[in-house]
Number of protein chains: 2
Amino acid sequence: MTQAVRHDAMRARNLALVLGSVSARGSLTRAALAEVTGLTKTTVSKLVADLIETGLVVETGAVRGGERGRPGVEVRIRGDRVAALGLEINVDYLAVRVVDLSRSVRLRRTQAVDNRSAQPVDVIARLRDLALSAVDEAVGNGLRIVGGALAVPGPVDLGSGVVHNAPNLGWRDVPVLSLLDLGIPLHVENEANLAALGELWFGSGPTDFLYVSGEIGIGAGLVVAGSLFRGARGFAGELGHVVVSPDGPPCRCGGRGCLEQYAGQDALLGAQNGAPAGGVMTMVGRLKAQDPAATAACHQAGWALGVALSSTVNLVDPDTIVLGGVFVPLFPWIGDIVTQTLQSRLGQMRVSVPPIMVSHLGFEAAALGAAGQVIERVIADPAALLQPPIPD
Amino acid sequence: MTQAVRHDAMRARNLALVLGSVSARGSLTRAALAEVTGLTKTTVSKLVADLIETGLVVETGAVRGGERGRPGVEVRIRGDRVAALGLEINVDYLAVRVVDLSRSVRLRRTQAVDNRSAQPVDVIARLRDLALSAVDEAVGNGLRIVGGALAVPGPVDLGSGVVHNAPNLGWRDVPVLSLLDLGIPLHVENEANLAALGELWFGSGPTDFLYVSGEIGIGAGLVVAGSLFRGARGFAGELGHVVVSPDGPPCRCGGRGCLEQYAGQDALLGAQNGAPAGGVMTMVGRLKAQDPAATAACHQAGWALGVALSSTVNLVDPDTIVLGGVFVPLFPWIGDIVTQTLQSRLGQMRVSVPPIMVSHLGFEAAALGAAGQVIERVIADPAALLQPPIPD
DNA sequence: GATATTTAGTCCACAACGTAGACTAATTGG
DNA sequence: CCAATTAGTCTACGTTGTGGACTAAATATC
């Protein structure tokens, strides 16, 4: 059930509405804001005054001229005050990003490490160092880090912040949040979900799409009308375990013939001839050299992805499909097969089959999404930032 | 982006909050309402006075006694004023239900007809007659029908109210809404979605579940935190076309090995030995007689359903799975296999596998959900009912 | 059985917030 | 230079929720 609305809540919502409009449109005059929000000029002026006082917004010297009449003074989000921390632990790297309120990336720190061979505690300690040094630098630049989020490759219990099972890292029941403790409000979430949000806020993309994350495992994040779909307990989007062939190779999830067995990084890169095989770029090299084994692996992966996506489209009806992770460099060799498979399996019934695109954010999507999520929260409720709830 | 909140919107929300609380808890005193909503006694009294004046709520003579102090006067939803119409066109029947604001079913009309052999126009005309007579009777009983919804077996374009393709009825591009025109605000929606909502509001069920509708086709409606998930365009939940086996029998959707080919009514009932086979009850008879062909068909259907549901659980993370339609009478013969298949395919990774239950609403789930949706809307925004928007 | 206690509901002065429209400010067009 | 036009502020006002005093109606206690 919704909450009671009192004067303060009314004000908070309108404040958020104004801030959100400024954020969405870059910069606007008070008059334009009044038109966009439906509030009166008087009210907008008051709200903007509040936002300026808080330091969330500034008047740009620039004024909108050209037309007749008194020129308006534009306001825009102030990027030099409030910022958020985006963190990611993945199998072979750690990433830290600082994003300010205007959604500019202020700081990037990435470290290549093999996190599979290290203990969770050590990985987290390393991330902690990286994050703290980034926070220090940001604070030195006058930024106030109001919160952060951490992406991990695997399902996470959102409430407790415990990673129950991240098979690709070899983690089980790791209480990341309490181990990390940066003295900043933090939360953890699935890498695919946060990458999807990264795509939403930092990509050129649409507001309705399924983001497919091709890492060691395959995950997906579904964004509908600009917000993330998490399912009942927050474990939605496990695309890697959608059934491609019910009697296919056994999977560590207990099933058989899951997508991951055909299009997961191990299957895709290792499938060439049993040898451990290099990274994705080695694979790309072979593909360019028209290596038949590599081409066949891609073909199979593309077909399997198409099959799994056809189930997904039927269940979840995304508008667009955005491929990320390893699927980006491999797209020239799998794109067509995926599209064709999807088309042939859905074409008869659906009016339109969702187009398949490629993410342009690279591996930083998740860390950006993590930081963006915090920024988004501030914009959606700036009042909360000013008056933090009294701790009991 | 959200809308500006003005005083009238604030009031409308609080009105909805009070009405919603009364609706959810049966009957409450003003004092209890104040506690539940967080509003002051004064405000609650004013709002309740409004609701009483509107006729949405009444004071019950009864008062809550027993304890010390002045007894409170309880108020409850008034069921004798406002009601909604729930309609369903299915393959072999038409159903009309009238549900009042207190969610009591006031009227049931069902007609068995073979809608596959009739023209859409005729089917709709027949439903129209049935609905109008029901409305007449309801109006005669002092009810005001404020709106209605129609369930059809197949994906519907919510905006236009056009059924693009309902293969089980043999319909293509039928503008149901404009043909039906009852002089009451109406909308159309997928049968599975509305049945899921029926289960939510009239079943004994939970607020997070996947409802599986076993009709000629197989559909699903996903309810998360008490609201329906529709996907980007409203076509989510096509469980019948989730892939069970990628090279299985061809399906009319263009794919192969879709769930519908294994567990759809035709496959399930027809699969016995090529003969047209009677209805579900004939099948049940054979199963009771331990007919091996019937048992095998059930086994296969249960297995396929388990496979498709394992993909679904991975993608969409439902808390519970509720089976409806033909799966209800067949449950004794398929339940175990579904559960086992699901368990063995998900058990390794998931902390808990969603339990599988059976709907108790029978075939009226969709029509009830349809009416319930309208009632829900009134309770969520009673102010809109009082001041209908001025038509342009 | 009278009185204290407790709880329900109403009343009234007040505060918070948005509105409407008059008013001032700063441009461009003629 | 003045009219027209648009931006932004100012002020009186309306709507709505609040808080606490007040009335009402029951039970508990002596």
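Every chain is numbered from 1, with letters handed out A, B, ... down the list of sequences.
- Atoms CD (B:Glu35) and P (C:dT7) sit 11 Å apart, rounded to a whole Å.
- We find the CG-CD distance between B:Leu194 and B:Glu189 to be 5.0 Å, quoted to the nearest 0.5 Å.
- Protein atom CG of B:Leu15 is 14 Å distant from nucleotide atom C1' of D:dG17, rounded to whole Å.
- Qualifying ring pair (Phe, Tyr, Trp, His ring centres under 6.0 Å) partners for A:Phe229, counting only residues two or more places apart in sequence or in other chains: B:Phe229.
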Indicate for each nucleotide in nucleotides 18-25 of chain D, in 5' to 3' sequence, whether protein heavy atoms under 4.0 Å reach the base (B), only the sugar-phosphate (S), or nothing (-). BBB---BB
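- When rounded to the nearest whole Å, the span between CZ of A:Arg30 and C1' of C:dA25 equals 13 Å.
- For the pair B:Leu17 CG and D:dG17 C1', the computed distance is 13 Å after rounding to whole Å.
- Taken to the nearest 0.5 Å, the CZ atom of A:Arg144 stands 4.5 Å off from the CG atom of A:Leu385.
- Atom P of nucleotide D:dT6 and atom CD of A:Glu74 are separated by 17 Å, given to the nearest angstrom.
- For the pair A:Asp319 and B:Arg233, the salt-bridge criterion is met [side-chain N within less than 4.0 Å of a carboxylate O].
- We find that CG of A:Leu47 is positioned 12 Å from P of D:dT9, with the value rounded to whole Å.
- A close approach under 4.0 Å does occur between a side-chain nitrogen or oxygen of A:Arg11 and OP1 or OP2 of C:dG18.
- Among D:dA4, C:dT5, D:dG8, the nucleotide with an atom closest to any side-chain atom of A:Ser45 is D:dG8.
- Here the side chain of A:Thr60 pairs a donor or acceptor atom with the backbone of A:Glu74 at under 3.5 angstrom.
- Remark: A:Arg6 CZ to B:Met10 CE distance equals 10.0 Å, nearest 0.5 Å.
- The distance between atom CG of A:Leu33 and atom P of D:dT6, rounded to the nearest whole Å, is 18 Å.
- Distances shown here put a side-chain N or O of B:Asn14 below 4.0 Å from the OP1 or OP2 atom of D:dG17.
- To the nearest angstrom, P of D:dA4 lies 9 Å from CZ of A:Arg68.
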